[in-house]
Amino acid sequence: MNSAIESNPLIERLPSHLKQFIKPQDYSDYTPINQAVWRYVMRKNVDYLSKVAHSSYLEGLQKTGLEIDNIPNMYGMNRILKEIGWAAVAVDGFIPPNAFMEFQAYNVLVIASDIRQLEHIEYTPAPDIIHEGAGHAPIIANPEYAEYLRRFGEIGCKAISSSHDYEMYEAIRLLSILKEAEGTPQEEIDKAEAQVEFLQNNMGELSEMAQIRNLHWWTVEYGLIGTVENPKIYGAGLLSSIGESEWCMTDNVKKLPYDISAAQQSFDITKPQPQLYVTSNFAHLSSVLEEFANKMAIRKGGLSAVKKLVDSKSLGTIELSTGLQISGNFTNVIEFEGKPVYVQTTGKTALAYREKELVSHGTEYHAEGFGSPIGKLKGINIAIEDMSPRDLEAYNIYEERVVTLEFEGNIKVSGEIVTGTRNLHGKILLIKFKNCTVTQGETVLFAPEWGIYDMAVGKEVISAYSGPADVNSFDLITHVPSSTTIKPNFSDARNELEGLYKTVREIRENKISNLTLNSIFDKVKVNHPNDWLLSVEIAELCKKANNNSLLDDVIAHLNNLKSSRPEVKKLITNGLELILEAEKV
């Protein structure tokens with residue numbers, strides 16, 4: 001079954017630049033072993049997490065309709081999530097942080113549709129459908145938490161990144177793919193891990209995006225709730241990791257009260273977390289988020305905000321006090337007395353007002369960049385935007401007048417005014433000049449031969465953020481990841497094992513007789529002696545059918561596996577505990 005067709009209108013209203021990340025979920029790609037992995041994790045989670053997870057988790061499992069025995073399909077998830085105001089889409093592994101957050105802002109849950117290998121059943125650094133479907137989906141059924149997640153996405157997607165952030169994203173994506181792929185040479189994994197560690201140790205001053213990703217990690221992914229002495233789990237990374245969900249509740253993991261300092265605490269996706277943060281309630285999460293947002297460029301504006309965009313070397317927007325929004329790659333800012341007095345973009349630029357591109361001010365018109373003074377005229381207390389018609393005439397700022405405007409910071413604009421553009425409140429947004437020269441001292445910022453000059457009007461930068469003001473102004477459909485998920489190539493032995501899992505599944509579903517269990521178990525012992533999960537499933541069927549003779553043989557085989565493969569001892573024990581009395585284990 002290919003679940004390319006979704007049944008949720010929230011997906012239809014996504015902008016095109018987000019839709020580029022969506023891929024069809026081909027349900028037929030899931031093998032019998034994949035289904036067994038999902039079932040094992042879900043059965044273990046429901047049993048264990050009922051004791052240690054926030055009450056919203058089990059309630060959410062029921063509301064979202066996730067099945068214990070079957071990997072969810074996107075069609076079914078969307079049909080059910082629609083009832084709680086959310087949707088879900090499938091993607092290929094990690095996607096860029098800004099895009100991930102923006103999906104959340106649209107109430108859309110991003111789900112990596114691949115599923116972890118049996119060898120990584122306890123934990124995988126790669127996002128997968130267990131993490132997203134079994135971790136994120138149930139907890140968003142809590143309305144207060146769901147609103148926190150949406151609001152986080154809304155604020156997070158505007159966070160300004162640094163050039164280091166995208167390097168880190170690519171490095172983590174590659175590492176997660178290599179570690180999850182079967183048969184990856186250890187030297188390749190070591191090299192990828194070394195690159196991630198190098199970048200983590202050389203990030204410099206953390207960007208807004210790096211800090212808000214930290215907050216996301218310590219709440220949405222690895223959050224605890226309640227008290228430091230008696231916390232409960234709500235973070236999806238913990239809810240979906242049968243290994244770390246137990247580990248985190250021990251004294252080996254330090255518990256800290258959650259506050260804004262978590263923004264400075266980086267994390268390593270390849271290792272269990274040495275400390276976790278405990279929020280008193282979901283409302284506190286929103287309080288800390290607002291506290292952080294108040295420090296962001298989108299709310300603070302000013303010189304530091306523009307500098308963040310220049311340093312990011314990526315598409316961003318500044319908003320002036322008039323409401324004019326300038327979107328492009330900011331490459332220069334001239335400052336005076338701690339304020340920006342001139343901003344410059346290079347390459348395609350668009351001007352907008354209230355997130356809507358101004359007519360005739362798109363990227364075709366401003367194809368080579370845009371520059372403008374910002375602030376007040378030198379020696380004049382009233383800003384241009386606040387001038388009345390009489391003021392404008394008095395200062396010669398009128399159509400068909402030749403004027404020289406001298407701004408603070410020694411920025412001079414000389415030329416003939418053609419016309420002006422005003423906003424809905426009558427404030428001037430732009431003044432158009434011909435035969436215009438713009439200078440700072442001896443430096444020419446704009447020359448008459450370059451054509452018409454459009455000067456932005458605004459006494460200050462009130463906001464700056466990542467991305468364009470109007471998403472339709474730029475062609476944002478450019479995502480070409482440097483790495484793609486590696487699909488396994490099955491050997492004859494693996495194909496046989498998949499067939500055995502399939503037969504056992506059909507026996508459990510009463511599609512065929514259980515008379516073949518003995519022969520299946522014989523093949524497992526002889527041809528697949530290291531596989532443990534199928535033997536656990538066979539033990540479950542034996543218990544149900546009161547086939548004690550075969551059950552004893554299976555348990556004996558599993559006990560031998562515990563000795564020969566100590567790394568799966570706990571997994572076997574946990575699996576048997578779900579189906580047998582304690583004394584049998």
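In this chain, numbering begins with 1 at the start of the sequence shown.
Between the side chain of Asn107 and the backbone N or O of Trp86, no donor-acceptor pair lies under 3.5 Å. For Trp218 (side chain) and Gln265 (main-chain N/O), a donor-acceptor pair under 3.5 Å exists by modelled atom type. At least one donor-acceptor pair under 3.5 Å links the side chain of Lys255 to the backbone N or O of Cys248. The backbone N or O of Phe370 sits less than 3.5 Å from a side-chain atom of Gln344, completing a donor-acceptor pair. Asn329 places no side-chain N or O within donor-acceptor distance of the main-chain N or O of Thr346, the cut-off being under 3.5 Å. Although no hydrogens or angles enter the test, the distance criterion places no donor-acceptor pair under 3.5 Å between the side chain of Glu102 and the main chain of Glu154. Remark: side-chain polar atoms of Ser162 are not paired, donor with acceptor, to backbone N or O of Ser207 under 3.5 angstrom. At least one donor-acceptor pair closer than 3.5 Å links the side chain of Thr317 to the backbone N or O of Gly467. The backbone N or O of Leu239 sits nowhere less than 3.5 Å from a side-chain atom of Glu244 that would complete a donor-acceptor pair. Under the 3.5 Å distance criterion, the side-chain polar atoms of Asn396 are matched with a main-chain donor or acceptor of Val402.
Taken to the nearest 0.5 Å, the CG atom of Leu351 stands 7.0 Å off from the CG atom of Asp454. Note that CE of Met455 and CD1 of Ile374 are 11.0 Å apart. Values are rounded to the nearest 0.5 Å. Taking CD1 from Ile155 and CG from Leu215, the interatomic distance works out to 10.5 Å, rounded to the nearest 0.5 Å. Atom CG of Leu276 and atom CG of Leu224 lie 5.0 Å apart (nearest 0.5 Å). One distance of note links NZ of Lys432 with CG of Leu430; it measures 7.5 Å at 0.5 Å rounding. Of the inter-residue distances, the one linking Ile95 atom CD1 with Lys23 atom NZ reads 12.5 Å to the nearest 0.5 angstrom.
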Check against side-chain contact (heavy atoms from CB on, under 4.5 Å), Leu324 and Tyr353
CA-CA 5 Å; Leu324 179 69; Tyr353 178 71; 5.7 Å; no
side-chain contact (heavy atoms from CB on, under 4.5 Å) assessment of Phe103 paired with Leu18:
CA-CA 7 Å; Phe103 271 109; Leu18 290 183; 3.8 Å; yes
Are Thr219 and Tyr148 close enough, and set up right, to give a side-chain contact (heavy atoms from CB on, under 4.5 Å), and what steps lead you there?
CA-CA 10 Å; Thr219 60; Tyr148 167 71; 3.0 Å; yes
Between Leu14 and Ile22, is a side-chain contact (heavy atoms from CB on, under 4.5 Å) present by the stated rule, with each step listed?
CA-CA 11 Å; Leu14 287 172; Ile22 301 173; 4.0 Å; yes
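Residues His131 and Ser240 bring a donor and an acceptor atom of their side chains to less than 3.5 Å of each other. In this structure, a donor-acceptor pair under 3.5 Å is absent between the side chains of Glu208 and Tyr465. There is no side-chain donor-acceptor pair under 3.5 Å between Ser245 and Ser241. Under the 3.5 Å distance criterion, with hydrogens and angles disregarded, no donor-acceptor pair is assigned to the side chains of Tyr258 and Ser280. There is a side-chain donor-acceptor pair under 3.5 Å between Ser388 and Asp391.
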Using atom types as modelled, flag every donor-acceptor pair under 3.5 Å from a side chain in residues 295-307 to any protein atom, sequence neighbours excluded.
| from | atom 1 | to | atom 2 | distance (Å) |
| --- | --- | --- | --- | --- |
| Arg299 | NH1 | Glu290 | OE1 | 3.0 |
| Arg299 | NH1 | Asn294 | OD1 | 2.7 |
| Arg299 | NH2 | Glu290 | OE1 | 2.9 |
| Lys307 | NZ | Glu335 | OE2 | 3.1 |

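Arg150 has a carboxylate O that lies under 4.0 Å from a charged side-chain N of Glu147, or vice versa, which qualifies the two as a salt bridge. Using a cutoff of 4.0 Å between basic side-chain nitrogens and carboxylate oxygens, Lys348 and Asp475 are not scored as salt-bridged. No salt bridge links Glu393 with Arg390; every basic N to acidic carboxylate O contact stays at or beyond 4.0 Å. Salt-bridge annotation for Lys376 and Glu408: absent, with no side-chain N of the basic residue lying under 4.0 Å from a carboxylate O of the acidic one. Taking a cutoff of 4.0 Å between a charged side-chain nitrogen and a carboxylate oxygen, Lys427 and Glu385 qualify as a salt bridge.
For the pair Leu476/Pro468, a side-chain contact is recorded, criterion being any heavy-atom separation below 4.5 Å from C-beta on. Between Leu405 and Phe407, the closest side-chain pair of non-hydrogen atoms falls below 4.5 Å. For the pair Thr349 and Ser327, the minimum side-chain heavy-atom distance is 4.5 Å or more. Looking at Tyr342 and Val438, their side chains come closer than 4.5 Å, going by heavy atoms from C-beta outward. Using a 4.5 Å heavy-atom cutoff, the side chains of Leu174 and Gln195 are not in contact. Counting heavy atoms from C-beta on, the side chains of His136 and Val220 come closer than 4.5 Å. Between Gln104 and Cys157, the closest side-chain pair of non-hydrogen atoms is not below 4.5 Å. Using a 4.5 Å heavy-atom threshold, the side chains of Leu315 and Ser466 count as separate.
Listed here is the closest heavy atom pair of Ile384 and Val457: CG2-CG1, 3.9 Å. Of all heavy-atom pairs spanning Ser312 and Ile160, the tightest one is CB-CG2, 3.7 Å. When every heavy atom of Val413 is checked against every heavy atom of Cys436, the shortest pair comes out as CG1-SG, 3.7 Å. Among all heavy-atom pairs drawn from Thr363 and Ser473, the shortest one is CG2-O, 3.4 Å. Scanning both residues, Ser161 and Asn98, for their nearest heavy atoms gives OG-OD1, 3.4 Å. Of all non-hydrogen atoms in Ile318 and Ala464, the two that sit nearest each other are CG2-CB, 4.1 Å.
When the shell of 6.0 Å around NZ of Lys378 is examined, it contains 12 or fewer heavy atoms from other residues, nucleotides or ligands. Surrounding CD of Glu449 are more than 12 heavy atoms belonging to other residues, nucleotides or ligands, all under 6.0 Å away. Surrounding CG of Asn381 are at most 12 heavy atoms belonging to other residues, nucleotides or ligands under 6.0 Å away. Dense packing is recorded around CD of Gln275, with more than 12 heavy atoms of other residues, nucleotides or ligands lying under 6.0 Å away.
Residues that satisfy the side chain to side chain contact (heavy atoms under 4.5 Å, CB included) test with Ile417, not counting sequence neighbours, are Ile397, Val403, Ile431, Phe433.
Of the candidates Phe267, Tyr222, Phe292, Phe152, His216 forms a ring-ring contact (aromatic ring centres under 6.0 Å, His included) with just one, namely Phe152.
Under the 30°/60° scheme for interplanar angles, the aromatic rings of Tyr145 and Phe282 are found to be tilted.
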